[in-house]
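Naming convention: chains lettered A, B, ... in sequence-line order (proteins, then strands); numbering from 1 in each chain. Values below: every heavy atom of this structure, side chains too, minus hydrogens, waters and symmetry copies. What you see is a predicted model, and the numbers here were worked out from it, not measured in a lab.
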Amino acid sequence: MNFETEIKGKVTIVTLNEKRFDAKIAVTFKDAMKSLIDKGSLFFIVNLKAVEFIDSSGLGSIVTVLKLVGRKGDVFVSGLNDSVMQMFSLTRMDRVFKIFPNVEDAFVELNNNLE
Amino acid sequence: MNVNNPEIKLIITSNFDNVSLIGVTVHQLCKYFYDDEAFASEIEIGIVEACNNVIEHSYLAKDNQDIEMSLKFFKDKLNIRLSDYGIFKDKRKKPKLDYDPDDIDNLPEGGMGLFLIYNIMDELSYSRSGGKNTLSMTKNISDK
């Protein structure tokens with residue numbers, strides 16, 4: 001799995017550089033995110049700009065991250081294309097996550113919430 | 001559609017790496033025949049979820065088992081048949097995905113696949129014959 005992390009203050013930006021976020025990498029993603037949470041990250045932006053397709057395993061792994069940070073943290077999502085947005089809508093996860101067109105807007109909102 | 005009800009048969013083995021091959025292929029075929037990106041994306045989601053379910057529940061994640069798929073393209077509908085030789089699990093009961101979006105502790109992390117298939121497809125049936133399980137799915141083409 002190819003992904004990058006950037007820590008800006010209390011916010012950890014995770015950019016997944018994969019075309020497909022599916023069952024093949026969902027477990028690896030969860031493990032990587034658990035490791036970040038163990039190191040103290042609680043506020044995440046999951047940037048899916050490069051992702052062209054997501055299945056329910058990929059989506060479920062983002063839900064896992066939200067459940068792991070619980071009410072002490074938050075998970076924002078950015079950069080969803082139409083297909084990825086479709087998955088969030090079909091499962092009604094668009095009501096669970098705050099979704100932003102790009103990582104910059106997500107960061108401004110999350111950072112404001114933390115001030 | 002420039003060919004009368006074309007049909008294609010695809011076979012992969014039960015590995016998550018191979019599911020993406022089916023997904024990408026079906027997506028491109030749907031775009032080619034129906035020229036509708038949203039439709040192609042929806043079908044890809046349904047197909048991928050169905051294949052993932054076969055690997056996880058029919059073959060219990062065992063590698064190198066056959067998954068057969070046939071797609072038949074009609075002007076007004078797409079017929080998909082997905083077959084495997086694993087454990088039969090009745091999929092005739094439409095699953096629910098009821099949850100409170102504010103109740104973080106009880107958000108679903110899995111179990112969404114069959115819900116998605118039911119919601120994407122217009123008709124769905126499941127049968128077993130001679131050790132072969134077949135999930136038949138139909139998606140209507142609303143504006144063709």
What distance do [X] atom [atom1] and [Y] atom [atom2] have between them, rounded to the nearest 0.5 Å?
{"X": "A/Ser57", "Y": "B/Glu109", "atom1": "OG", "atom2": "CD", "result": "11.5 Å"}
{"X": "A/Ser83", "Y": "B/His27", "atom1": "OG", "atom2": "NE2", "result": "7.0 Å"}
{"X": "B/Ser41", "Y": "A/Met85", "atom1": "OG", "atom2": "CE", "result": "13.5 Å"}

Item to check | Whether A/Lys67 side chain and B/Asp105 backbone form a donor-acceptor pair below 3.5 Å | outcome: yes
Next on the checklist: For the backbone of B/Leu97 and the side chain of A/Arg92, can you confirm whether one donor and one acceptor N or O come within less than 3.5 Å of each other?
Outcome noted: yes
Part of [X] within contact of chain A (heavy atom distance under 4.5 Å):
{"X": "B/Asn53", "answer": "neither"}
{"X": "B/Ile120", "answer": "side chain"}
{"X": "B/Asp102", "answer": "backbone"}
{"X": "B/Asp17", "answer": "both"}
{"X": "B/Asn106", "answer": "backbone"}

Would you say that [X] contacts [Y] through its side chain, given a criterion of any heavy-atom pair below 4.5 Å between the two side chains?
{"X": "A/Met87", "Y": "B/Glu49", "value": "yes"}
{"X": "B/Pro108", "Y": "A/Met93", "value": "yes"}
{"X": "B/Val48", "Y": "A/Phe53", "value": "yes"}

Checklist entry - Given that the side chain runs from C-beta out, which part of A/Asp55 has a heavy atom under 4.5 Å from chain B: side chain, backbone, both or neither? => result both
Item to check | Heavy-atom contact with chain B under 4.5 Å, split by part of A/Phe97 | outcome: neither
Checklist outcome for this item: Sorted by chain and residue number, the side-chain contact (heavy atoms from CB on, under 4.5 Å) partners of B/Glu123 (sequence neighbours excluded) come out as B/Thr138
Item to check | Residues B/Glu44 and A/Arg20 bridged, charged N to O under 4.0 Å | outcome: yes
